[in-house]
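What follows is one structure encoded as structure tokens, with my remarks underneath.
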Amino acid sequence: MATKKSSSTKSSQTKSSRSSKWGLNKISMYVLVAVALLYVVSLLLACFDVNLVVVSALQGVAAAVMVIIVSILAWRYVKPKQAVWKVLYVICLLLVIVGIIVPLVLQ
């Protein structure tokens with residue numbers, strides 16, 4: 001009887017400690033909110049004909065933040081796999097980075 005009571009207490013303590021930590025889901029949600037705000041600001045600036053470079057820079061920052069989060073998750077998937085997957089990961093990551101930076105530089 002005492003064993004069941006202590007195990008249920010431990011499981012409730014574990015659940016409460018998990019909810020207070022910064023888990024991946026919570027970080028993803030806050031990043032999504034921050035990126036959405038960056039896109040709203042860039043949209044408003046574009047509507048008022050503010051310098052296009054500023055709008056593009058805000059969108060580039062938002063995209064970069066999203067790429068960072070996704071690349072971390074992708075690496076967790078790729079890490080235990082074969083070398084081919086890791087090479088594909090690096091190539092795709094480089095293409096995404098170039099795709100973000102080059103248009104910003106060319107403007």
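In this chain, residues are counted from 1 in sequence order.
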Task: Hydrophobic cluster identity match, Val41 and Leu43, side-chain contacts under 4.5 Å - done: no

Task: Non-neighbouring partners of Val84 that pass side-chain contact (heavy atoms from CB on, under 4.5 Å), sequence neighbours left out - done: none

Task: Hydrophobic cluster of Ile91, others only, ordered by chain and residue number, side-chain cut-off 4.5 Å - done: Val87, Leu95

TODO: Drop me the distance from Tyr39's OH to Leu44's CG, to the nearest 0.5 angstrom.
DONE: 15.0 Å

Donor-acceptor list for residues 61-81 side chains, cut-off 3.5 Å, not counting sequence neighbours:
from  : atom 1 : to    : atom 2 : distance (Å)
Ser71 : OG     : Val67 : O      : 3.0
Ser71 : OG     : Ile68 : O      : 2.8

